[in-house]
Amino acid sequence: MNVNAIKPSWNPLSIALMVLGFVVFWPLGLAMLAYILWGDNFNGWKREAKCQWNRSNLKNTMDNMQNATRSGNAAFDDYREKELTRLEEERRKLDSMRQEFDDYMNDLRQAKDQEEFDRFMRNRHNRPGEPSAGEAI
């Protein structure tokens with residue numbers, strides 16, 4: 001099964017999973033319903049939680065405790081500090097790239113959804129025997 005097919009929308013697969021979840025164990029169905037309704041916002045929640053953690057006093061305290069553990073060798077401690085700083089910068093770059101990729105994928109999903117909707121509207125207007133939007137029913 002393609003995991004990308006399970007997207008937060010009302011498609012047959014997500015509806016079937018929701019119904020199956022309610023049949024098997026109702027909290028699973030409820031979780032699937034929440035994913036269908038608010039799934040696009042989950043990435044935003046994750047980023048917001050990460051930002052909150054980075055600004056929290058607890059993180060600062062833990063970082064200070066980690067920095068307080070010195071080896072006693074000044075050269076090694078300096079080397080360790082430089083490497084940790086370099087790794088932290090690399091992590092920030094990766095987080096930034098991940099954010100750009102997430103934005104790109106969201107744009108692609110929106111473009112695909114718009115294309116599918118436009119195709120539906122074209123097919124709907126091209127059906128023979130049905131009144132068009134301007135005609136009376």
Side-chain angles (χ1 to χ4, degrees):
M1 175 175 21
N2 184 359
V3 177
N4 291 332
I6 305 172
K7 58 184 178 181
S9 64
W10 293 101
N11 59 47
L13 181 60
S14 59
I15 293 171
L17 287 173
M18 179 185 65
V19 170
L20 183 65
F22 276 115
V23 169
V24 172
F25 184 59
W26 70 266
L28 292 176
L30 197 59
M32 191 63 197
L33 177 63
Y35 177 71
I36 291 171
L37 295 176
W38 300 296
D40 288 331
N41 298 330
F42 286 157
N43 285 334
W45 292 345
K46 180 182 172 187
R47 280 191 293 275
E48 182 62 27
K50 195 174 212 178
C51 288
Q52 289 290 334
W53 170 252
N54 287 335
R55 290 191 301 255
S56 74
N57 291 332
L58 181 60
K59 180 189 183 300
N60 293 335
T61 303
M62 291 177 71
D63 287 345
N64 290 338
M65 284 175 29
Q66 190 175 31
N67 289 336
T69 58
R70 310 285 288 176
S71 71
N73 184 313
F76 176 76
D77 290 340
D78 290 341
Y79 167 77
R80 181 176 176 266
E81 275 305 311
K82 288 177 187 172
E83 286 299 305
L84 288 174
T85 303
R86 183 185 64 79
L87 290 172
E88 183 64 24
E89 182 60 33
E90 192 67 26
R91 186 193 60 78
R92 278 191 217 107
K93 287 179 189 176
L94 287 173
D95 287 346
S96 173
M97 286 172 41
R98 175 60 191 248
Q99 178 60 43
E100 290 174 18
F101 181 73
D102 286 347
D103 293 342
Y104 174 75
M105 290 303 295
N106 284 335
D107 291 344
L108 280 179
R109 274 189 222 105
Q110 288 177 351
K112 182 181 176 193
D113 289 348
Q114 185 64 46
E115 177 187 333
E116 290 172 352
F117 175 73
D118 291 343
R119 186 177 333 123
F120 167 76
M121 292 302 286
R122 277 193 308 273
N123 290 343
R124 183 170 180 235
H125 289 300
N126 292 335
R127 286 187 204 157
E130 289 191 17
S132 63
E135 297 177 12
I137 299 177

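As a basis for the values below, the full set of heavy atoms in this structure was taken, side chains included, without hydrogen atoms, waters or symmetry mates.
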**Report entry** Atom pair OH/CG of Tyr104 and Asn106 - distance to nearest 0.5 Å
**Finding:** 12.0 Å
Report task. Could you walk me through whether Glu83 and Arg80 pass salt bridge (Lys or Arg N to Asp or Glu O under 4.0 Å), step by step? Result -> CA-CA 5 Å; Glu83 286 299 305; Arg80 181 176 176 266; over 6 Å; no
Query raised in the report: Who pairs with Asp113 by side chain to side chain contact (heavy atoms under 4.5 Å, CB included), at least two apart in sequence or on another chain?
Result: Lys7, Glu116
Query - salt bridge (charged side-chain N to carboxylate O under 4.0 Å, His left out) against Glu90, all qualifying residues, sequence neighbours excluded - result: none
Report summary line: For Phe117, the side chain to side chain contact (heavy atoms under 4.5 Å, CB included) test, sequence neighbours excluded, returns Gln114, Met121
Query raised in the report: By salt bridge (charged side-chain N to carboxylate O under 4.0 Å, His left out), which residues pair with Arg91, not counting sequence neighbours?
Result: Glu88, Asp95
Query raised in the report: Can you name the residues that form a side chain to side chain contact (heavy atoms under 4.5 Å, CB included) with Asn123, not counting sequence neighbours?
Result: Arg119
Query raised in the report: What residues form a side chain to side chain contact (heavy atoms under 4.5 Å, CB included) with Leu87, not counting sequence neighbours?
Result: none
Query - Distance in Å, Trp26 CH2 paired with Leu33 CG, rounded so as to fall on 0.5 Å steps - result: 12.0 Å
Query raised in the report: Can you name the residues that form a side-chain hydrogen bond (donor to acceptor under 3.5 Å, both in side chains) with Arg92, not counting sequence neighbours?
Result: Glu89
**Report entry** Members sharing Leu28's hydrophobic cluster (side chains within less than 4.5 Å)
**Finding:** Leu20, Val24, Phe25
Report summary line: Closest non-hydrogen contact found for Ile15 with Ile36 is N-CD1, 4.5 Å
Report task. For Gln99, check side-chain hydrogen bond (donor to acceptor under 3.5 Å, both in side chains) against everything at least two apart and list the hits. Result -> Arg47, Asp103
**Report entry** From Asp102 atom CG to Arg98 atom CZ, the distance as rounded to the nearest 0.5 Å
**Finding:** 4.5 Å
Requested in this report: Rounded to the nearest 0.5 Å, what's the gap from CG on Leu84 to CG on Asp77? Could you check?
Outcome: 10.5 Å
Query raised in the report: Quick one: salt bridge (charged side-chain N to carboxylate O under 4.0 Å, His left out) partners of Glu100, sequence neighbours excluded?
Result: none
Query raised in the report: Between Met105 and Leu108, does a side-chain contact (heavy atoms from CB on, under 4.5 Å) hold up when you go through it step by step?
Result: CA-CA 5 Å; Met105 290 303 295; Leu108 280 179; 4.1 Å; yes
